[in-house]
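Atom set for the values below is all heavy atoms of this structure, side chains included, hydrogens, waters and symmetry mates excluded. Numbering of ligands and ligand atoms starts at 1, following listing order.
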Amino acid sequence: TPKGSCLESVKIAIDTGYRHIDGAFVYYNEHEVGQAIREKIAEGKVKREDIFYCGKLWNTCHPPELVRPTLEKTLKILQLDYVDLYIIELPMAFKPGDAIYPKDENGKFIYHETDLCATWEAMEACKDAGLAKSIGVSNFNRRQLEMILNKPGLKYKPVSNQVECHPYFTQPKLLEFCRQHDIVIVGYSPLGTSRDESWVNVSSPPLLKDPVLNAIGKKYNKTAAQVALRFSIQRGVVVIPKSFNPQRIRENFQIFDFSLTEKEMKEIEALNKNVRYVELLM
Ligand code: A2P
């Protein structure tokens, strides 16, 4: 993000009423997020315990001995004492080192053999040390979740699984599995992403242009974005919409003053195309 834009956006978001902030070391703006949170605390706008910050363990840091130092580095960047949630960002590991995307001379990713269960145990130790209030995962499928859930001696279950989730990718089976195991689904790209071709599959049509979402929005005097967000929260999916535009940051918060009927929820569910915008081909 351009220097300072994240700082401003997070401050506007907190003023608007947002409390859940989703970040990661690999977004390279955690210093600005931390500064925004600390400024709002200093102003007396919020207390630290009002804020819910989620940080993420990157692929190059899966070896168990790297987990705590990596979280400590994030806390140092944020200048906070703890994160509310720390999650394994992806279930696949890359070679540890300074390169975030380590590649060989043929441009192929260099993976690293690690045991997700051992990584999880190191995550549990971070919770025990008070560095993370809760721990979870991201981009895990059912089998990967089961590996953790069935781990002998499991101390803490993942509280959440952050995955792509929106009207065009509704994740019905994973949602049901997570419901059964008390794992909250946090839906990323709830508005259908920024359609940046460097990481988005743009062959799937733009979500916010969808006629059904727009028609339903018209009825409630809401935008397609607000209908998409409302749909997700109404089916129990936590949403983390991204915007750096003050007007849209506020717009995305105005979703608690209307509700969709059962028929409308079904209509939106039927939009599912089972196609990801974020394919994560690595
Ligand atoms: P901007 O930052 O200019 O607002 P997602 O949350 O699914 O990743 O989507 C993020 C993209 O959607 C960003 O490009 C963001 O652009 C845009 N966006 C965010 N809120 C809205 C909105 N209410 N209406 C239209 N586009 C939006």
**OP:** Using a strict cut-off of under 4.0 Å between a residue heavy atom and any atom of ligand 1, list the qualifying protein residues by chain and number.
**Re:** Ser189, Pro190, Leu191, Gly192, Thr193, Ser194, Leu208, Ala225, Pro241, Lys242, Ser243, Phe244, Asn245, Arg248, Glu251, Asn252
Original post:
Which atom names give the shortest non-hydrogen contact between Leu175 and Thr170, and what distance separates them?
Top reply: CD2-O, 4.4 Å
Original post:
Is any side-chain heavy atom of Val275 less than 4.5 Å from a side-chain heavy atom of Phe169?
Top reply: no
Original post:
Which heavy-atom pair separates Cys126 from Arg68 by the least distance, and what is that distance?
Top reply: SG-CA, 3.8 Å
Subject >> From Asn245 atom CG to Arg250 atom CZ, the distance as rounded to the nearest 0.5 Å >> reply: 9.0 Å
Subject >> Derivation of the side-chain contact (heavy atoms from CB on, under 4.5 Å) call for Ile233 and Val239 >> reply: CA-CA 7 Å; Ile233 61 167; Val239 286; 3.7 Å; yes
Original post:
Charged N to carboxylate O below 4.0 Å: is that the case for Glu269 and Lys266?
Top reply: no
